[in-house]
Amino acid sequence: MRKIVFATNNQHKLDEIRSILGKDFEVVSLKDIGCTADIPETAGTLEGNALQKAEYVYEHYGLSCFADDTGLEVEALNGAPGVLSARYAGGEGHDSEANMNKLLSELGENNNRHAQFRTVIALILKRDVCPCGCTSIKQVHQFEGIVKGCITREKSGAEGFGYDPIFQPEGYDKTFAELGMDIKNHISHRAKAVGQLADFLRTI
């Protein structure tokens, strides 16, 4: 089993990623490697934030690592909340209820409810260039997953996290929070990005 660091301490994300990657990989968290730092996420794009987190782990711990950033992009709001999804309602924490309430309020009675979730994963691999491991190089790769859908007019469902109770994926009549983790793990934005990541990792 191969070990790789996922730059997060979010248990929901860890469970989701571990379920998708299966038994081929041992996914460890920031806590597992003793990283207690509040890693900055100051880039203006999902791609930038994901790379920033992976770079931090690689530079400070010398370990292969992947990091993700996910945004909900709502058509009628010109792509908002986007990179600000986790802190859309303001404040320091990730207040899902406040974020959903703000989004529903911003949309109001607008009939254009088209939206998409987009996940970007940045992977940094430490590759030894000699058998003794005295010299290594850094390889950077990026993966993206998108799931299209719409924003419902009210929250529904108790599973999942984040905006799951108000996002209904295309082809389904239930929100992510109603569909449950098994279905979500097969169709979600993160599932698609992690699927690409897993396919790549299995080739190295």
Side-chain angles (χ1 to χ4, degrees), residues 1-43 45-72 83 85-87 93-94 96 117-128 133 136-147 158-164 167 169 176-177 179-204:
M1 183 183 294
R2 287 164 284 185
K3 181 182 292 188
I4 190 164
V5 180
F6 180 21
T8 187
N9 279 322
N10 184 311
Q11 193 60 48
H12 290 293
K13 285 186 178 183
L14 282 165
D15 290 343
E16 197 171 47
I17 291 287
R18 285 167 175 161
S19 174
I20 295 167
L21 282 179
K23 297 180 179 179
D24 292 330
F25 303 93
E26 180 187 359
V27 181
V28 298
S29 67
L30 293 174
K31 181 181 179 181
D32 292 330
I33 64 170
C35 178
T36 58
D38 184 13
I39 301 176
E41 297 179 53
T42 56
T45 63
L46 300 177
E47 292 82 358
N49 275 345
L51 183 59
Q52 189 175 32
K53 289 183 283 187
E55 288 273 11
Y56 184 95
V57 172
Y58 182 85
E59 296 297 333
H60 288 79
Y61 295 87
L63 299 170
S64 294
C65 173
F66 69 92
D68 78 319
D69 200 21
T70 294
L72 175 63
V83 72
S85 293
R87 297 181 174 85
H94 296 205
S96 296
F117 267 119
R118 188 164 68 93
T119 289
V120 176
I121 293 176
L123 169 69
I124 298 181
L125 292 175
K126 182 180 181 182
R127 306 300 297 271
D128 294 334
S136 61
I137 59 174
K138 177 174 71 174
Q139 295 181 338
V140 181
H141 305 272
Q142 182 178 295
F143 310 93
E144 180 185 69
I146 293 174
V147 61
E159 294 197 42
F161 57 97
Y163 295 91
D164 286 357
F167 182 82
F176 267 159
L179 289 172
M181 294 300 290
D182 287 344
I183 295 177
K184 182 184 175 183
N185 283 348
H186 281 90
I187 67 170
S188 78
H189 44 294
R190 187 171 290 107
K192 292 177 180 179
V194 174
Q196 295 173 30
L197 169 69
D199 288 345
F200 173 78
L201 289 175
R202 292 185 183 110
T203 67
I204 62 175

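The first residue in the sequence is number 1, and the count goes up from there.
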Taking all heavy atoms of [X] and all of [Y], pick out the closest pair and write down the distance.
X: Ala54; Y: Ala122; value: CB-O, 3.9 Å
X: Cys35; Y: Tyr56; value: SG-CE2, 4.1 Å
X: Leu21; Y: Arg202; value: O-NH2, 3.5 Å
X: Ile17; Y: Phe66; value: CG2-CZ, 3.8 Å
X: Glu159; Y: Met181; value: OE1-N, 3.5 Å
X: Lys192; Y: Ile146; value: NZ-O, 2.8 Å

query = Checking side-chain contact (heavy atoms from CB on, under 4.5 Å) for the pair Leu30/Ile39: CA distance, chi angles, key distance, verdict?
reply = CA-CA 10 Å; Leu30 293 174; Ile39 301 176; 3.9 Å; yes
query = Parallel, tilted or perpendicular: which fits the ring planes of Phe176 and Phe167, with parallel below 30° and perpendicular above 60°?
reply =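 The arrangement is tilted - the two ring planes meet at 30° to 60°.
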ask   = Would you call the rings of Phe117 and His189 parallel, tilted or perpendicular, where under 30° means parallel and over 60° means perpendicular?
value =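 If you compare the ring of Phe117 with that of His189, the planes turn out parallel.
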inquiry  = Is it the case that over 12 heavy atoms from other parts of the model lie below 6.0 angstrom from the NZ atom of Lys31?
reply    = no
ask   = Is atom CG of Asp182 surrounded by more than 12 heavy atoms (other residues, nucleotides or ligands) closer than 6.0 Å?
value = no
query = How far apart are the C-alpha atoms of Ile187 and Val147, what are their side-chain angles, what is the distance that settles it, and do they pass the side-chain contact (heavy atoms from CB on, under 4.5 Å) test?
reply = CA-CA 7 Å; Ile187 67 170; Val147 61; 5.5 Å; no
Does any part of the side chain of [Y], heavy atoms only, come nearer than 4.5 Å to the side chain of [X], both counted from C-beta?
X: Lys184; Y: Asp164; answer: yes
X: Leu51; Y: Ile124; answer: yes
X: Asp69; Y: Lys53; answer: yes
X: Arg18; Y: Phe6; answer: no
X: Glu59; Y: Lys138; answer: yes

How long is the gap from [atom1] on [X] to [atom2] on [Y], to the nearest 0.5 Å?
X: Leu123; Y: Gln196; atom1: CG; atom2: CD; value: 12.0 Å
X: Asp32; Y: Glu26; atom1: CG; atom2: CD; value: 8.0 Å
X: Glu41; Y: Arg87; atom1: CD; atom2: CZ; value: 6.0 Å
X: Ile121; Y: His141; atom1: CD1; atom2: NE2; value: 13.0 Å
X: Ser29; Y: Asn10; atom1: OG; atom2: CG; value: 10.5 Å
X: Ile4; Y: Leu201; atom1: CD1; atom2: CG; value: 5.0 Å

message = Name the residue from Val83, Val120, Asp68, Thr42 that meets the side chain to side chain contact (heavy atoms under 4.5 Å, CB included) definition with Asn49.
response = Val83
query = Can you tell me if Ser64 uses its side chain to pair, donor with acceptor, with the backbone of Lys126 under 3.5 Å?
reply = yes
request  = With side-chain contact (heavy atoms from CB on, under 4.5 Å) as the test, would you mind laying out the steps for Phe200 and Leu125 before giving the verdict?
outcome  = CA-CA 12 Å; Phe200 173 78; Leu125 292 175; 3.8 Å; yes
task = Check the pair Tyr61, Val5 against side-chain contact (heavy atoms from CB on, under 4.5 Å), reporting the backbone distance first and the verdict last.
result = CA-CA 10 Å; Tyr61 295 87; Val5 180; over 6 Å; no
